[in-house]
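A short worksheet on the structure shown next.
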Amino acid sequence: MAIRHFPDDFLWGAATAAFQIEGATREDGRGESIWDRFCATPGKVLNGDTGDPACDHYHRWRDDIALMKSLGFPAYRFSIAWSRIMPKGRGAVNPAGLDFYDRLVDGLLAAGIRPFVTLYHWDLPQALEDAGGWPARDTAAAFADYADVVARRLGDRVKHWITLNEPWCSAFLGYWTGDHAPGRKEGPALAAAHHLLLGHGLALAALRAAHSDVRAGITLNFSPADPASDSDADRAAAWRYDGFFNRWYLDPLYRSAYPADMLALYAQMGQAPPVQDDDMRIIAAPLDFLGVNYYSRAVIRDDPQAGGLRYAHKRPEGEYTQMDWEVHPASLRRLLERLHRDYAPTTLYITENGAAYPDEVSSDGGVHDPDRVRYIARHLAACHDAIAAGVPLRGYFVWSLMDNFEWAFGYSRRFGIVYVDYATQRRIPKDSALFLRQVIAANALTETQMFTR
Ligand code: IFM
């Protein structure tokens, strides 16, 4: 039986985000965020679901730490709700908000779990959106001020920081498609993307100024693009999509410039990022690590009828999750090798990987999720292959520790390795959690685990 051993210092973790798990949206001085407002707007979120009660983690965090400890996780990635710290996004600091995360960090460290803190996982304080949101340059400066406050309070104990989670989503789902908060359609998404990146660079400097020994990075979501055919037109379309989704963030961060082909295309559409002197230098400050969120690939064909970047998605035959995302672990391996080859990050972490399936509690009281076990096992095998090929991948965080609020899908999509009964808040580790506990304990994956259904 083939056994895939991971490197001795490989870090295993589970990931969550504040708005998706905390609940308690009006407690202890927390301000309104764009997701509170979005959820309260009829028709935006499935079934009218909101950030309450979510997993009630704000009150149950001690139990959740115990849960992670029982599963053997040595690391936990969570995000901080900006509007708990600064209810209006800037200015007055809410001590109760800082205290909450302070206790959480102490609890994690006492349990032997290393905290990885994300500063921004999509929940912009509504007051900042009212003042222009991410399309406004000032939001980047406000983000750096918030980073400074949090780093000065937690940076003596938190050594791993992620500035932004998935800026592509914040910019394009928030300000172009309108599928996410704040729900602006066909708004200034390129300006939002630029100010998110600028905010990242400024926050990185603030984190390092507060504590010189921190390790700071950013998490991007990647969608590797395969052409639908060998035709030149489809190949060019896949490259445009790659520019739109992947290179638009990677190139500024690692090459200090937006990709020239994309700048030219956007210029034809009358659009350009609002770059000012020195921005690109700030954005390209060296990163201690790159966080990789990977769920699926895209298969792209040329579509001259489509507006904008003239591409369309093709839905290949294959296996799909409940999100209708294709299961394609080979693309994760190729993505990691490509990042290593083209951008050479010193360290990579998978900061999210996982799958939604319609889980149910079975009559024996367990939650049997063989598809998720297989999904995770096959993606871990892809990580292992990438490491063997020389990629400096140092850890894997599963998305997500527990079922939670899946944005516009509300509570209808379960990504957890732990099942949450929202009516009682009972947590039930699914088979995938028990499987990961074994993998973590052995620091290895076996063929049997990969193909168990
Ligand atoms: O739930 C989200 C998470 O907040 C960001 N990355 C993708 C996940 C699944 O959609």
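Both ligands and their constituent atoms are indexed starting at 1 by order of listing.
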State which residues pass salt bridge (Lys or Arg N to Asp or Glu O under 4.0 Å) with D226; sequence neighbours excluded, sorted by chain then number.
R297, R334

I'd like to check the salt bridge (Lys or Arg N to Asp or Glu O under 4.0 Å) partners of R157; sequence neighbours left out, ordered by chain and number.
D102, D106

Can you list the residues that meet the salt bridge (Lys or Arg N to Asp or Glu O under 4.0 Å) rule with D251, with sequence neighbours excluded?
R255

Pocket residues around ligand 1 (non-hydrogen, under 4.0 Å) come out as Q20, H121, W122, N165, E166, Y295, W325, E352, W399, E406, W407, F415

For residues W325 and Y375, establish whether the separation of their ring centroids is below 6.0 Å.
no

According to the interplanar angle, ranging from 0 to 90°, do the rings of H313 and Y241 count as parallel (below 30°), tilted (30 to 60°) or perpendicular (above 60°)?
perpendicular

From the options L196, L119, L202, L128, select the one residue that forms a side chain to side chain contact (heavy atoms under 4.5 Å, CB included) with F143.
L119

